[in-house]
Amino acid sequence: MEQHIRESLMAAAPNLFGVPITENIIQFQQTRRDVEGDLTLVVFPFVKLLRCAPQQAGEKIKHWLEQNIQEVSHCNVINGFLNIVFKDTYWLEMLQTIQNNPQHGLSVPNSKPTIMVEYASPNTNKPLHLGHLRNIFLGASVAEILKAVGHKVVRTQVINDRGIHICKSMLAWEKFSPLNEKGERETPANTGLKGDKLVGKYYVAFDQALQKEAKEILSQWQSGNFADTSVEIQDAVLKFQQAKEGKDEKAQAAIDDKIKELAKNQTSILQEAKEMLVRWEARDPQVYLLWTTMNGWVYEGFDATYAQMGVTFDKLYYESDTFLLGKDQVLEGLKKGVFYQKEDGSVWIDLSGEGLDEKLVLRSDGTAVYMTQDIGTAIDRFKDFPDLHGMVYTVGNEQDYHFKVLFLILQKLGYTWANNCFHLSYGMVDLPSGKMKSREGTVVDADDLMAEVIDKAKIMTQERGHLDRISAQEREQLYAQIGLGGLKYYLLKVDPKKRMLFNPEESIDLTGNTGPFLQYTHARISTLLEKAAFDLMPLSTAATLKQEEREIIKQLSLFGATLQEAAQGYSPAVLANYAYDLVKLYNTFYQSVKILVEPDKSLRQMRLALSAGVRQVLATSLHLLGVEAPQRM
RNA sequence: GGUCCCGUAGCUCAGCUGGAUAGAGCAACUGCCUUCUAAGCAGUAGGUCUUUGGUUCGAAUCCAAACGGGAUCACCA
């Protein structure tokens, strides 16, 4: 409609104003809520052109609109704003169109290029936590949104299944696991523990042992005992200790940390873990068996968590398969002059021209670093999926710099698709008590949180729900839908790039801007339509619309554009806020108007159609957010 | 210190491709269930949009600086 008015106005401009106008003069915006109108044209840009007061210019356009645009009922000009009111028939036809199209707002599936969306990407040494939840819900939702606007989507994750941190839990399990009466070490089967939890337990055990040993070494150093320490380390420690003299508290603490780091490196347990990594890289059968076994436990645990979360993946990448990738590309890039080599053999890229630093891409011993691997993996993915057009990496904002560099390197290597790669960077999740720190035990476990939220939903639903016609089994399902729906919505309604506060109490709230609030409205409309035995039928276009009703149709008509905006900005929050606004409008309507008991048949039918439209768009929105839409609650 | 992100009501957040009197929710207070689900609705109260300059007919929105919070600057991943 905007486009229609814009084009007509531009075509008429030479006659109407005596001069042609450009597109950017015609600026539309949403009409203020306290003013009559469905669409507002900003008059100011015309003022200069026409050399008259805003009021005059507005009146002129107003008359033209009223006479030449069929859908316009009337207009008013206030303070340089031209508010256009459309005819009721225009809105009723809009409602009819929405009603006839169950795909309203969505694009044709697979009509746009393939995008790979990466999210989750956990380490296999500990269970998933709250931070992962934000990551996963975000990535999963963005994948759905991209699909809805027509992209083909490949959902993927990289499983960080190798490295020193994995060896730590393996080693600790070998060293510290008690034996049962059959002489077996602890397993998920003989302890009943979830696999990822069991492995995580030993990762913690490793850290405790490491801290303990490091502490002993530190106290030896403090008392001047360097018997078990090499001369180089001793020198370094002494140097640091001297450097502390005369520094402020903060600087001293920083130096202490460095000394502690040295002590940790001296521990026998860390040495053992490093040796284990070497043996893993040499494919030592014993270590490999241990590795496969323990990772297997973790995968079983993760699968259970993902199932509870309701997320899936189309393709998995394992770091153990990909960690050697990228070296060839780096060497090739070296030939092409993209990279350069230092005397010690290490390979670097100079990004100072782009305002960044120099960055290492290959160690002097020829082994790969994180960046090397990511270069290789990205290129590999485009080989795996020849029709791939771009990628979305859902990774925390502490890696902003890394991805900036990665995309630049890929560009410089000549991969044009690098321009279609996007780092979906999201802020950290804070707790009211501050930052989550695994060492201080303030990490919120994903499984625990989901269970808690479902439990709370159960209690609250039993208090106020309408459960009489729901079977016991369906009730359990409903509690999970409400609990998880609330949690997902809570994490997704905030702009991804912003750091957010996780308040455990608010996350399971049912009132206000919450998941259950949206679900409730969906359930309420569902039972309403069921009771009315609602069926689609042509609407009478003769009805007069109340303000509440036209507001809703207007909002429904914006769904497609909102979806595009959410896709473009990779922001489920945009969609969440849209859905919330829609629900608020509907609830106002619902409370102020009779529907089922409305005696006028065509009015009743129109209001039911309106309700059905809201339910349809709401259900779609919730689905795109990964939130389930219950029929009753 | 360099670079990047953030700063809006007591709290959590919208609004940010410049436009009218800056919006929600929570918390507080007042009403509304003998009528379709009150997990709802209507209302009251709460703001120098961190500060200072600049651009503009017009700035929460754009630019610059300052202040405050965070991240990041490894031959770690």
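Below, read A as the first sequence line, B as the second, and so on, with proteins coming before strands; counting in each chain starts at 1.
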What is the distance, to the nearest angstrom, from the OH atom on A:Y401 to the P atom on B:C4?
12 Å

Please work out if A:T40 contacts a base, only the sugar-phosphate, or nothing of the nucleic acid, heavy-atom cut-off 4.0 Å.
base

Side chain of A:F81, heavy atoms from C-beta onward: which of B:A77, B:U37, B:A20 has the nearest atom to it?
B:A20

Can you figure out which of B:G25, B:G19, B:G7 approaches the side chain of A:F44 most closely?
B:G19

Whether A:R134 engages the ring of A:Y426 as a cation-pi pair (distance to the six-membered ring centre under 6.0 angstrom, angle to the ring normal within 45°) should be assessed.
no

If you pin A:Y520 and A:R33 to their nearest nucleotides in RNA chain B, which one's is more 5'?
A:R33

Would you mind telling me which of B:U21, B:G19, B:G25 lies closest to the side-chain atoms of A:Q27?
B:G19

Just checking A:A573: base, sugar-phosphate only, or nothing, at a heavy-atom cut-off of under 4.0 Å?
nothing

Where does B:C33 land, syn or anti, once you apply the within-90°-of-0 test for syn?
syn

Of B:C26, B:A77, B:A14, the nucleotide closest to the side chain of A:Y370 is B:A77

With both distances kept under 3.5 Å, what pairs with B:C36, Watson-Crick or G-U wobble?
none

Please tell me whether A:T514 and A:D509 have a donor and an acceptor in their side chains that are separated by less than 3.5 angstrom.
no

Nearest to the side chain of A:K498, heavy atoms from C-beta on, is which of B:C6, B:A20, B:A39?
B:C6

With a 4.0 Å cut-off on heavy atoms, is A:K531 in touch with a base, just the backbone sugar-phosphate, or nothing at all?
sugar-phosphate

Which of B:C73, B:U37, B:U72 is nearest the side chain of A:E398? It is B:U72

Could you tell me whether A:R499 contacts a base, only the sugar-phosphate backbone, or nothing, with contacts defined as non-hydrogen atoms closer than 4.0 Å?
sugar-phosphate

Check every strand shown and say whether A:T461 touches a base, only sugar-phosphate, or nothing at a heavy-atom separation below 4.0 Å.
base

Which part of the nucleic acid does A:E319 contact within heavy-atom distance under 4.0 Å: base, sugar-phosphate only, or nothing?
sugar-phosphate

Quick check: on RNA chain B, is the nucleotide nearest A:K404 upstream (toward 5') of the one nearest A:I595, or the reverse? Name the residue that is more 5'.
A:K404

Counting heavy atoms from C-beta on, name the nucleotide in B:A39, B:A20, B:A77 closest to the side chain of A:T511.
B:A39

Side-chain contact check for A:Y580: nearest option of B:U21, B:C13, B:A24 is B:A24

Could you give the OH-to-C1' distance, from A:Y590 to B:C32, as a whole number of Å?
15 Å

So A:K584, base contact, sugar-phosphate only, or nothing? Heavy-atom distance under 4.0 Å.
sugar-phosphate

Strictly by modelled atom types, are A:N83 and A:R32 linked by a side-chain donor-acceptor pair under 3.5 Å?
no

Across the strands shown, which category fits A:M633 at heavy-atom distances under 4.0 angstrom: base, sugar-phosphate, nothing?
base

With a 4.0 Å cut-off on heavy atoms, is A:N503 in touch with a base, just the backbone sugar-phosphate, or nothing at all?
nothing

Side chains of A:E275 and A:Q271 only: does a donor on one sit below 3.5 Å from an acceptor on the other?
no

Touch check for A:E598, heavy atoms < 4.0 angstrom, all strands: base, sugar-phosphate only, or nothing?
nothing

Side chain of A:Q591 - closest among B:U21, B:A38, B:C36
B:A38

If only side-chain N and O atoms count, and only distance matters, is there a donor-acceptor pair under 3.5 Å linking A:Q547 with A:E551?
yes

Just compare B:A39, B:C13, B:A20 and give me whichever is closest to any side-chain atom of A:I78.
B:A20

For A:N83, which contact category applies under a 4.0 Å heavy-atom criterion: base, sugar-phosphate, or nothing?
base

Would you list the atom pairs, donor with acceptor, under 3.5 Å between side chains in residues 601-610 of chain A and any protein atom, with sequence neighbours excluded?
unit_1: A:S602; atom_1: OG; unit_2: A:D600; atom_2: OD1; d: 3.2
unit_1: A:R604; atom_1: NE; unit_2: A:L596; atom_2: O; d: 3.2
unit_1: A:Q605; atom_1: NE2; unit_2: A:D535; atom_2: O; d: 3.2
unit_1: A:R607; atom_1: NE; unit_2: A:E549; atom_2: OE2; d: 2.8
unit_1: A:R607; atom_1: NH1; unit_2: A:K594; atom_2: O; d: 2.9
unit_1: A:R607; atom_1: NH1; unit_2: A:E598; atom_2: OE1; d: 3.2
unit_1: A:R607; atom_1: NH2; unit_2: A:E549; atom_2: OE2; d: 3.4

